[in-house]
Amino acid sequence: MQIKQNLLITGLAIYSCNVLSAPAIEPPMQHKVSDKAGVGINSGRSSIVLDTISIGAGDLSLQHKMMSHEDSFYVAFDNFWGYMYSSSSVSLGGRLNFTFGGSTEHIPYQDYKSAAFVDYETTSGPKRKLKKLSANTFEFTNSSGVVYEYSTAMHIPTPFNTMAFGDKYIAAITKVTYPSGYQLKINYKTSAVFNPLHAILSSRIQSVTSNTGLQLKYSYKSNNEVKDNWNWFLVDEIKAINNAVDYCDPFADACSTAHTWSKIKYSWPSNSLVYGEGDLTVNLPDSSRVIYKHKLYCNFGAGVSSCNGGALIENDPRISDIVSASSSGTVTTSYARGNEWSCSGGGNCSISKKGIVTKVTKDDAEWSYKRSAPPQYNYIPTEVTSTGPHGQDIWIRTSSLTGAIEFIRDDEQGASFTIKNDYKNNIEKISYTFGNSVHFQHDLRGNITEKREKPAAGHADPELVTTADYQNNCSPAINTQHKPAWIKDPKGQTTGATTTFSYHCASGFVQTQDAPTDSKGIVSKKSYNYEQRYAYYKLNGNSIVQADSPVWLMTSERECLTGSATDTACTNATETILKTYHYGSENTANNLWLKGVSVSYGGETRTTCFVYDNIGNKISEYQPMANKQSCE
């Protein structure tokens, strides 16, 4: 009985989430393109992310993050900003770029025969697709199967330094759909007058909503775009609302709710950080605040904040100092900045990068940066070094023509990284200080097909090899192209034993997993079942209705301790652990939140139930000893 009880309890501890990520060969220790000061060593830009507010439970929650854009908070950039633009850079070969939440993917477009951007699918590297849905709407499917929808009818105010000369803005993100079915809609309002910085009509985000009934509601400093043109674009506050409890029109300028919801509030300087310097204060839900101080830097000479007769970088402020939430008003991070110059042999010089970081002081520690001179005019420095407070250097060598990273030496990690010059900059080799190394091979889609761990010279330890293949049961579906059909670990290289996987193709989740035979001759087999469920919330008014689209949720997990198995049963029923996941009933609020887990083994079932508040915080948990028969 004790064994049975342990299995039941362990079963609950194994799984705390209601979706299952795909396995893979353990990826290499990642090389750092940013140091502990948050500065991109090659780019010279500071990357600042602030977790601000969230609502919901588990994987279905809606989370807001502030994200600096080109070293500033020119407007309230966050993880829901995204746009599609074309790049005509010769070194890049011409491409279409798709941005969302701080990341970018692209597809080449030099072969296009029409300016209308015909439907396109990549023929090399990982599969990605572009589809034209209408005259104004495009759909991009990235290499993980996430579908992004962009509209040319929306135009978000991007800073002047967002895109290089010759790049062309095309459309703004309006919808994101993940393989699980989880969907975000970014809802806009378009100005009746020209954006003050662009000779076009422009749009602002009114809200972000999910098909699980959650909403981030944006409010602005002004709703009168004629009188307060720029203030019309500046966010005043963002409120997190559970639409299963309160309805809020996603396109309205404001809405009143019966309940009080968490929010963040912005305080902008009078010059709006467009025409000059100033402080942006972000007041967080816990009553703390973060202050981002901005300065304009010189468009001349060394690029410092004092110009001595030169011209300031107009409309292009940089973060100079940060006062963190826990510092009681004391500056915790400061940035020194300068300009990077490219010079020809004849002495003709131009600025290639403006206002990049030259030094960071953070909590009394200091980081400094040194860049080699470019080999010739209009080329890129080939060596960049970050020196930290303890002397640990990160040294990067790049291509002088394209700027692509070729080699990284990271003294802090005690390793050097050789980078493959391909679309993804995959790691080919990691060499450690003690002489051992790890080598990686990739397929044409960037998947790790072999990981070979080699001992240092003179050591008798054997090489450890792990291999994998990615031609799984869903091939060539995009959302499983990076998920292995089998993995053979170092022991399996000699015994032939492998762990095999099949997938639920619609969602990309693992369907079955068969482990190799263990030392006792036991083969562990696991299978997972999923169902589409609809959320119920106040979608169009004050009545709870079904969402427009469903999401995939795991409903059960079966592990066969001995014997063979199918997707629905084990041959030896007495050696079966069955976990069943409980959700809310239809037509009820928050019905997609995980309400409980039942674990059955040897004729006994133990159930653990969870209770949440309206924000998604787990406020109570009933353990199996409570003997609850239902989690409703």
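For the residue pair N187 and Q206, no side-chain donor N or O sits within less than 3.5 Å of a side-chain acceptor on the partner. Between the side chains of S502 and N473, no donor-acceptor pair of N or O atoms lies under 3.5 Å. With hydrogens and angles left out, the side-chain atoms of Y536 and Q546 include a donor and acceptor closer than 3.5 Å. There is no side-chain donor-acceptor pair under 3.5 Å between Y537 and N211. Between the side chains of N142 and S144, not a single donor N or O lies within less than 3.5 Å of an accepting N or O. Between the side chains of N590 and N242, at least one donor-acceptor pair of N or O atoms lies under 3.5 Å. A donor atom on one side chain and an acceptor atom on the other are not found under 3.5 Å apart for Q511 and S527. Between the side chains of Q413 and D410, at least one donor N or O lies within less than 3.5 Å of an accepting N or O. H582 and T580 share no donor-acceptor pair across their side chains, judged by distance under 3.5 Å alone. Side-chain polar atoms of S210 and T212 form a donor-acceptor pair below 3.5 angstrom. There is a side-chain donor-acceptor pair under 3.5 Å between N472 and T480. There is a side-chain donor-acceptor pair under 3.5 Å between T607 and S598. D246 and W261 form a side-chain donor-acceptor contact under 3.5 Å, judged by distance and modelled atom types alone. Side-chain contact of H442 with T449: a donor-acceptor pair under 3.5 Å is absent, judged by distance alone.
Counting only distance, with no hydrogens or angles, the side chain of Y182 and the backbone of S61 share a donor-acceptor pair below 3.5 Å. For T605 (side chain) and Y601 (main-chain N/O), no donor-acceptor pair under 3.5 Å exists by modelled atom type. N447 places a side-chain N or O within donor-acceptor distance of the main-chain N or O of Q481, the cut-off being under 3.5 Å. For S47 (side chain) and G38 (main-chain N/O), no donor-acceptor pair under 3.5 Å exists by modelled atom type. When atom types are taken as modelled, the side chain of D78 and the backbone of F80 share a donor-acceptor pair closer than 3.5 angstrom. The backbone N or O of G102 sits nowhere less than 3.5 Å from a side-chain atom of N79 that would complete a donor-acceptor pair. Of the possible donor and acceptor atoms, one in the side chain of R128 sits under 3.5 Å from a partner among the backbone N and O of P126.
If you take NZ on K525 and CG on D514, they are separated by 3.5 Å, rounding to the nearest 0.5 Å. Going from atom CD1 of I264 over to atom CG of D286 covers 11.5 Å, rounded to the nearest 0.5 Å. Atoms CD1 and NZ, from I419 and K429 in turn, are 12.5 Å apart once rounded to the nearest 0.5 Å.
Counting all heavy atoms, side chain and backbone alike, C248 lies closest to Q215 at O-NE2, 3.2 Å. Across all their heavy atoms, H106 and F98 have their closest contact at CA-CD1, 4.3 Å. Of all non-hydrogen atoms in D119 and K132, the two that sit nearest each other are OD1-N, 2.8 Å. Heavy atoms only, all atoms of each residue included: L539 and Y247 are closest at O-CE1, 3.5 Å. Looking at every heavy atom in both residues, I544 comes nearest to A244 through CD1-O, 3.9 Å. Scanning both residues, L284 and A325, for their nearest heavy atoms gives CD1-CB, 4.4 Å.
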Report task. With side chain to side chain contact (heavy atoms under 4.5 Å, CB included) as the test, would you mind laying out the steps for I394 and R409 before giving the verdict? Result -> CA-CA 6 Å; I394 299 178; R409 189 195 73 232; over 6 Å; no
**Report entry** Working for side-chain hydrogen bond (donor to acceptor under 3.5 Å, both in side chains), residues E559 and S524
**Finding:** CA-CA 7 Å; E559 180 175 4; S524 174; 3.1 Å; yes
**Report entry** Trace of the side chain to side chain contact (heavy atoms under 4.5 Å, CB included) decision for R558 with N529
**Finding:** CA-CA 9 Å; R558 178 177 285 100; N529 292 309; 4.2 Å; yes
**Report entry** Residue pair Y120, I107: steps toward the side chain to side chain contact (heavy atoms under 4.5 Å, CB included) verdict
**Finding:** CA-CA 9 Å; Y120 181 83; I107 58 175; 3.7 Å; yes
Report task. Go through the steps for V147 and V176 under the test side chain to side chain contact (heavy atoms under 4.5 Å, CB included), then give the verdict. Result -> CA-CA 6 Å; V147 180; V176 182; over 6 Å; no
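In this view, T571 and S564 satisfy the side chain to side chain contact (heavy atoms under 4.5 Å, CB included) rule, not counting sequence neighbours. Shown here are the side chain to side chain contact (heavy atoms under 4.5 Å, CB included) partners of A506, two or more places apart in sequence or in another chain: H504, W552.
Centroid-to-centroid, the aromatic rings of F509 and Y530 come within less than 6.0 Å. Ring centers of Y148 and F100: under 6.0 Å apart, within the cut-off. Aromatic ring centres of Y150 and Y83: separated by at least 6.0 Å.
Partner of T467 under the side chain to side chain donor-acceptor pair (under 3.5 Å) criterion, chosen from K451, E450, R452, Q493: Q493.
Between K131 and E139, no side-chain nitrogen of the basic residue sits less than 4.0 Å from a carboxylate oxygen of the acidic one, so the salt-bridge criterion is not met.
Residue pairs meeting the disulfide (SG to SG under 2.5 Å) criterion with at least one member in residues 442-500, sequence neighbours excluded, are C474-C505.
With W486 as the aromatic partner, K488 meets the cation-pi criteria of under 6.0 angstrom to the ring centre and within 45 degrees of the ring axis.
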